[in-house]
Structure formats: C-alpha cells, structure tokens
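Below: one structure, written as structure tokens.
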Amino acid sequence: MKEKILIIGGSGFIGSHVADEFKKAKKDVTILDKKRPQSILESHKYLNVDIRNISKIKKILKNYNSIYYFADIADINESKKKYMATINHNILTLSNILAECVNSRIKQFVYASSLYVYSESGSFYRASKQCAEILVKEFSKIGKFNFKFLRYGSVYGERAQSWNGISKFINQIKKKGTVIYQGTGKEIRYYIHVKDAAKLTLKAHNDKINEKSVSIFGDKPVTVDQLFDLLFEIFGKKKKVKYLKKTNSDDHYGYSPYRYMPDESIKITSNNSIDLGEGILRLLNNNE
C-alpha cells in the first residue's frame, strides 16, 4: 500500500510547516485539525475534525498508514493553569487515538515531543510529554506499529503562537521598547527556525532512521542575553531588559533541561540551517 500520511494537528505552528515540507517532497499528506491552517498550499488535503470526536477519527484512520501527531497543548503556562484540560487533551485524548491506531492497524506513529522530556521543569506540559512517550511505546507493543519521538527544542519563526519565546520578546520590544525576563539572561538555548525543524523532520522520515527518539534543535548555543543583544540591534534600539533573576519561576528550564533520562536519542542536523539573525528578520518581515 502506498504511504499515506495523516498529520494530526497540522494547522499548528510546527505541524503546518512539516505538512508544507512533506507536500513539497510529493508525499501523500492530509492535515487533520479543527482549525484550517493560516497558510495552506493549494494542493494540501484538509479534514476539519475535532480530535475528541473519536467516532470520526476511527473512520478516518483506516485510510492512512502513517500518523504524525502535533495536537498537544504546548504552552507551559497554559498547561499549569489548566492542568486538568492538559491531562484530558495531552494524555487521555492521545490514548483514545492510539487505541484506534491499534484497531486500524496503522504502520507508524510519529509523536511530536519536546526536549522537556529530559527535564524536571515544565510543569504539566513536561509531565504530559513524558507520559505520552510511555503510552505511545506501550500501545505500539499491542498494535505492532513502528513509532518515533521527535524531540523539538527552541523553535521559532513564522506562524508561531504569541507565547512563543522569540515572538513574545519581539512583541514586547515593539510595544514597550523593553523586555521583562524571569531569569538571569545566562540561560542557554539552541534556537532553530521552524523551516529547518520541518526539513529535519522530513530528513528523519526519508532516511528511515532506526532510532526511536530523534532530537531536533539548533547547532549553536545562545544565551538569552545574547539573544536580546541581537534583537535590540535588529530593531536599532538601546537594549533595555529587566531581569527578575528568578530561576525556573515560570517553569521553563534554566541553563539546561537535562535532569531526567528518557530513552536515548540521536540528534540530526542540517548543513544549510537558517542563521538566527536572518531567521528573526524573516519573522519580522512576514509579520509586518
């Protein structure tokens, strides 16, 4: 049977870019989401479905053999405030879909995870990601399907949500000319443009990587303070940052997420990645 890919949550930030890359590579891709993508290629197929509607999901899954899942609540602050909604959505709804994947005898389930699976920070978002990886693995045993975890790092770029790190900082500079940051500025991040993250997702798919866990994040470590230097320089403004110096006060990890050991993963990289400064300029130009 020809590979038919269903991208659940394909209207979201990372999912929509992955859908674009797969379609450009002439993959047979369908987006399933309750919201139509902001930017959709003419050739994209789209199903307007709420993933909580399991009766519809059951009928749809039978037509696909490869599932990519990008449908989680991903805002750490939202997940902490709405912890029961996060558990219901990120764990229980996922479990219902995985059960139907077993019944539909899908061949592959690819779950969009996070570097927060390595962390003790991240509140209910982190907890749901760790739990989800365990659940996917157990369902794969009874369903006998292949699975893969894609652990994304600090992704930024066009179509990002307002709470996305770099997008949030840009909006603060635009509106107030200053940034208020919870930490010290010494926190280290490996920023990756969403288009690079999508291309590496396609690479993981095409290369038939055997490892069950793949980490996708930038190559160069950047401190948050260095990021602010770059942002204010791009805006042509004097740097104004108020550091609250509260370590992990908003449940984001500090210098490193690495406190917890899930299954080992490999990191895949690109030799032609978008430079951070250029990526920020692209974001600004597309948002104007």
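Excluded from the calculations below are hydrogen atoms, water molecules and symmetry mates; all remaining heavy atoms, backbone and side chain alike, are included.
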Which of these passes side-chain contact (heavy atoms from CB on, under 4.5 Å) with Phe169: Val179, Ile180, Asn164? Val179
Full working for side chain to side chain contact (heavy atoms under 4.5 Å, CB included) between Asn103 and Lys58: CA-CA 8 Å; Asn103 295 334; Lys58 182 177 181 179; 5.6 Å; no
Please determine, by modelled atom types, if His205 and Glu3 share a side-chain donor-acceptor pair under 3.5 angstrom. yes
Output yes when Glu133 and Arg151 qualify as a salt bridge under the 4.0 Å nitrogen-oxygen rule, no when they do not. yes
Any donor-acceptor pair under 3.5 Å from Asn90 side chain to Ile73 backbone: yes
Which heavy atom of Gly157 sits nearest to which heavy atom of Val194, and what is that distance? CA-CG1, 4.2 Å
Supply the atom-to-atom distance Ile67 CD1 to Ile106 CD1, rounded to the nearest 0.5 angstrom. 5.0 Å
Find out whether Lys174 and Leu284 are in side-chain contact, i.e. whether some heavy atom of one side chain is under 4.5 Å from a heavy atom of the other. yes
Shared ILVMFWY cluster between Leu92 and Ile51, side chains joined below 4.5 angstrom? no
Just checking, is any N or O donor in the side chain of Ser265 or Tyr118 under 3.5 Å from an acceptor N or O on the other one? yes
Has the side chain of Ser121 got a donor or acceptor atom that lies under 3.5 Å from a matching backbone atom of Tyr116? no
Between CG of Asp196 and OH of Tyr156, what distance do you get to the nearest 0.5 Å? 7.5 Å
Does atom NZ of Lys82 have more than 12 heavy-atom neighbours from other groups under 6.0 Å away? no
OG-CD1 distance between Ser128 and Ile91, expressed to the nearest 0.5 angstrom: 5.5 Å
Could you tell me which non-hydrogen atom of Tyr125 sits nearest to which non-hydrogen atom of Ser114, and how far apart they are? OH-CB, 3.2 Å
Looking at Lys239 and Asp225, is there a salt bridge between them, counting it only when a charged N and a carboxylate O are closer than 4.0 Å? yes
Please check: side-chain N/O of Asp75 versus main-chain N/O of Asn77, any donor-acceptor pairing under 3.5 Å? yes
Output yes when a side-chain donor or acceptor of His89 lies under 3.5 Å from a complementary backbone atom of Ala71, and no otherwise. yes
When clusters are formed by joining ILVMFWY residues with side-chain heavy atoms under 4.5 Å apart, either directly or through shared neighbours, do Val241 and Ile166 land in the same one? yes
Show the nearest heavy-atom pair for residues Gln108 and Ser66, with the distance to one decimal. NE2-OG, 2.8 Å
I need the minimum non-hydrogen distance between Leu61 and Ser104, along with the two atoms involved. CB-OG, 3.6 Å
Are Lys195 and Asp20 within salt-bridge range, i.e. N to O under 4.0 Å? no
Side chains of Asn65 and Lys2, heavy atoms from C-beta outward: is any pair under 4.5 Å? no
Report yes or no: do Ser16 and Arg159 form a side-chain donor-acceptor pair below 3.5 Å? yes
Tyr152 vs Phe70 aromatic rings, parallel, tilted or perpendicular, using cut-offs 30° and 60°? tilted
Less than 4.5 Å apart, side chain to side chain, heavy atoms only: is that true for Ile216 and Val155? no
Taking atom NZ of Lys129 and atom OG of Ser79, what is their separation to the nearest 0.5 Å? 10.5 Å
Given 3.5 Å as the limit, does a donor-acceptor pair link the side chain of Lys45 with the main chain of Val29, or not? no
Could you tell me whether Tyr111 and Phe147 have their ring centroids closer than 6.0 angstrom? no
Quick one: does Ser11's side chain get under 4.5 Å of Tyr46's, heavy atoms only? yes
Hey, could you give me each pair passing salt bridge (charged side-chain N to carboxylate O under 4.0 Å, His left out) that has a residue in residues 266-280? Not counting sequence neighbours. Asp219-Lys267, Glu278-Arg282
How about Lys168 and Gln161: do any of their side-chain heavy atoms sit closer than 4.5 Å? no
Given the rule that I, L, V, M, F, W and Y join up when any side-chain heavy atoms are under 4.5 Å apart, are Leu231 and Leu281 in one cluster? yes
So which heavy atom on Lys35 is nearest to which on Asn48, and how close? N-ND2, 4.3 Å
The reported gap from CD1 in Ile268 to CG in Asp207 (rounded to nearest 0.5 angstrom) is 7.5 Å
Flag the pair Leu200 / Ile192 as yes when at least one side-chain heavy-atom distance between them is below 4.5 Å, and no otherwise. yes
Hey, mind stepping through Ile5 and Tyr64 against side chain to side chain contact (heavy atoms under 4.5 Å, CB included) and telling me if it holds? CA-CA 6 Å; Ile5 302 170; Tyr64 298 89; 5.9 Å; no
Minimum heavy-atom distance between Arg126 and Glu120, given as atom pair plus value: NH2-O, 3.1 Å
May I ask you to say whether Lys56 pairs ionically with Asp50, meaning some side-chain N is under 4.0 Å from a carboxylate O? no
Is it true that Trp163 and Phe13 fall in one hydrophobic cluster, defined by side-chain heavy atoms closer than 4.5 Å? no
Starting from the C-alpha separation in whole Å, work towards a yes-or-no answer on side chain to side chain contact (heavy atoms under 4.5 Å, CB included) for Phe139 and Phe109. CA-CA 10 Å; Phe139 273 103; Phe109 190 92; over 6 Å; no
Taking atom NZ of Lys237 as the centre, does the number of heavy atoms from other residues, nucleotides or ligands within less than 6.0 Å exceed 12? yes
hydrophobic_cluster_shared for Val18 and Ile274, side chain cutoff 4.5 Å: no
Looking at Phe235, I want to see if its CZ is surrounded by more than 12 non-hydrogen atoms of other residues, nucleotides or ligands under 6.0 Å. yes
How many angstroms lie between atom OG1 of Thr178 and atom NZ of Lys242, to the nearest 0.5 angstrom? 9.0 Å
Answer yes or no: is there a side-chain heavy-atom contact under 4.5 Å between Ile54 and Glu100? yes
Are Tyr181 and Phe228, when compared by the centres of their aromatic rings, separated by less than 6.0 Å? yes
Looking at side-chain heavy atoms only, is the closest gap between Leu32 and Thr30 below 4.5 Å? no
Kindly indicate, with the supporting measurements, whether the criterion side chain to side chain contact (heavy atoms under 4.5 Å, CB included) is fulfilled by Arg189 and Val222. CA-CA 5 Å; Arg189 297 291 183 267; Val222 177; 5.6 Å; no
